[in-house]
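Convention: sequence-line order gives letters A, B, ...; per-chain numbering from 1.
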Amino acid sequence: MFPPFDPDLDVVTLARALIGARLLVRGAGGLIIETEAYALDDPASHSFRGLTPRNATMFGPAGHAYVYRSYGIHLCLNVVGRRGEAVLIRALAPDAGLEQMQARRGQGPLCAGPGRLAQALGIEPDDDGKAFDGRELQLIPFADTGPALWRGPRIGISQAQERPWRFGLAGAKGLSRPFPRQQG
DNA sequence: CCAACGATTCGCT
DNA sequence: GCGAATCGTTGGC
């Protein structure tokens, strides 16, 4: 549910807090192992140029799902934070609804990458704007103190590449891409 | 109205 | 490692 996440958390803190949390979409999901933060004064963010029909959910209340279509093909799932801020969920360690996910994804990685993750979870355009209220969408915070994190530059952006706002669960299998410190 | 561009993924070289 | 697929959104004319 949302709270117990603080709706006033800055988006980078929220992105870190979501690592290790449990995400369930209509019963399918698992442990969040990779996130990225997108802020309001952030050239890489959809909200940077102000409110538009597509990004309207980013300007709505915290704790709702911002779903958008990428490259005309894939869907991506975000958790909205403060006004104009959102956290992109990039990878899960799936452990619930595995059969369903496999049926949607076929062979290959299930939840490593935002497009794959959205497909595995059965995310639809209609999910945009829905609340993480424990009905269709559920977020369960990591119970313990914060897990060890890896941090690095965000993936696939052309602006604000200097902001290291990608976070991963240290040592996790199933990350969408290696982190810099992971490279040998 | 029109053209450019992705917060990506997959398949082939 | 590279390029195609694919289409809604966005911004400029």
| message | Considering every strand and a 4.0 Å limit on heavy-atom distances, what is the contact class for A:R54: base, sugar-phosphate, or nothing? | response | sugar-phosphate
| With side chains defined as the heavy atoms from C-beta onward, is the minimum distance between A:L40 and A:S45 less than 4.5 Å? | no
| Can you check whether A:R166 has a side-chain N or O nearer than 4.0 Å to OP1 or OP2 of B:dA7? | no
| message | Would you measure the distance from the P atom in B:dC2 across to the matching atom in C:dT6 and give it in whole Å? | response | 23 Å
| query | Does A:L23 reach the side chain of A:L77, with side-chain heavy atoms less than 4.5 Å apart? | reply | yes
| What's the closest nucleotide to the A:T52 side chain, out of B:dA7, C:dT10, B:dT9? | C:dT10
| note | Between CD of A:Q119 and P of B:dA7 the distance, given in whole Å, is 19 Å
| task | Compare the ring of A:Y38 with the six-membered ring in the base of B:dA7 and state whether they stack (centres under 5.5 Å, planes under 30°). | result | yes
| message | A side-chain contact here means heavy atoms from C-beta on lying under 4.5 Å apart; do A:Q102 and A:P94 qualify? | response | no
| said: My understanding is that only residues two or more places apart in sequence, or in another chain, count here; which of them pass side chain to side chain contact (heavy atoms under 4.5 Å, CB included) with A:R83? | reply: A:F59
| Plane angle bin for A:Y66 and A:H46 - parallel if under 30°, tilted between 30 and 60°, otherwise perpendicular | perpendicular
| request: Can you check whether any acceptor in the base of B:dA7 is under 3.5 Å from a donor in the side chain of A:Y68, or vice versa? | output: yes
| Between residues 78-93 of chain A and DNA chain C, which residues have a heavy-atom gap below 4.0 Å? | none
| Note, A:R151 side chain near A:V12 side chain (heavy atom, < 4.5 Å) | yes
| Rounded to the Å, how far apart are A:Y71 OH and C:dT9 P? | 17 Å
| said: Would you say A:R105 and A:Q119 are linked by a side-chain donor-acceptor pair, where the criterion is simply a distance under 3.5 Å? | reply: yes
| field | Hydrophobic cluster identity match, A:V79 and A:Y38, side-chain contacts under 4.5 Å | value | no
| field | A:N55 CG - B:dA7 P separation (whole Å) | value | 12 Å
| said: Whole angstroms only, please: what is the CD1-P distance between A:I123 and B:dA7? | reply: 19 Å
| query | Rounded to whole angstroms, how far apart are CG on A:L75 and C1' on B:dT9? | reply | 13 Å
| query | Can you give the dot-bracket line for DNA chain B, using ( ) for pairs inside the strand, [ ] for pairs that cross earlier ones, | for pairs with another strand and . for unpaired bases, where Watson-Crick and G-U count if both distances are under 3.5 Å? | reply | ||||||.|||||.
| DNA chain B: 5'-proximal contact among A:R69 and A:R116 (nearest heavy atom) | A:R69
| Quick one: is A:H46 getting a side-chain N or O under 4.0 Å of the B:dA7 phosphate, OP1 or OP2? | yes
| message | Quick one, A:E36 and A:P114 - any side-chain contact, counting heavy atoms below 4.5 Å? | response | no
| query | Is there a donor-acceptor contact under 3.5 Å from the side chain of A:R26 to the main chain of A:E136? | reply | no
| message | What's A:R105 touching, base or sugar-phosphate or nothing? Going by heavy atoms closer than 4.0 Å. | response | sugar-phosphate
| request: Figure out the CG/P separation between A:L175 and B:dA7, and round it to whole Å. | output: 21 Å
| Rounding to a whole Å, what distance do you find between A:R49:CZ and B:dC5:C1'? | 11 Å
| Just checking A:I157: base, sugar-phosphate only, or nothing, at a heavy-atom cut-off of under 4.0 Å? | sugar-phosphate
| remark: A:I73 CD1 to B:dG11 P, in whole Å, measures 12 Å
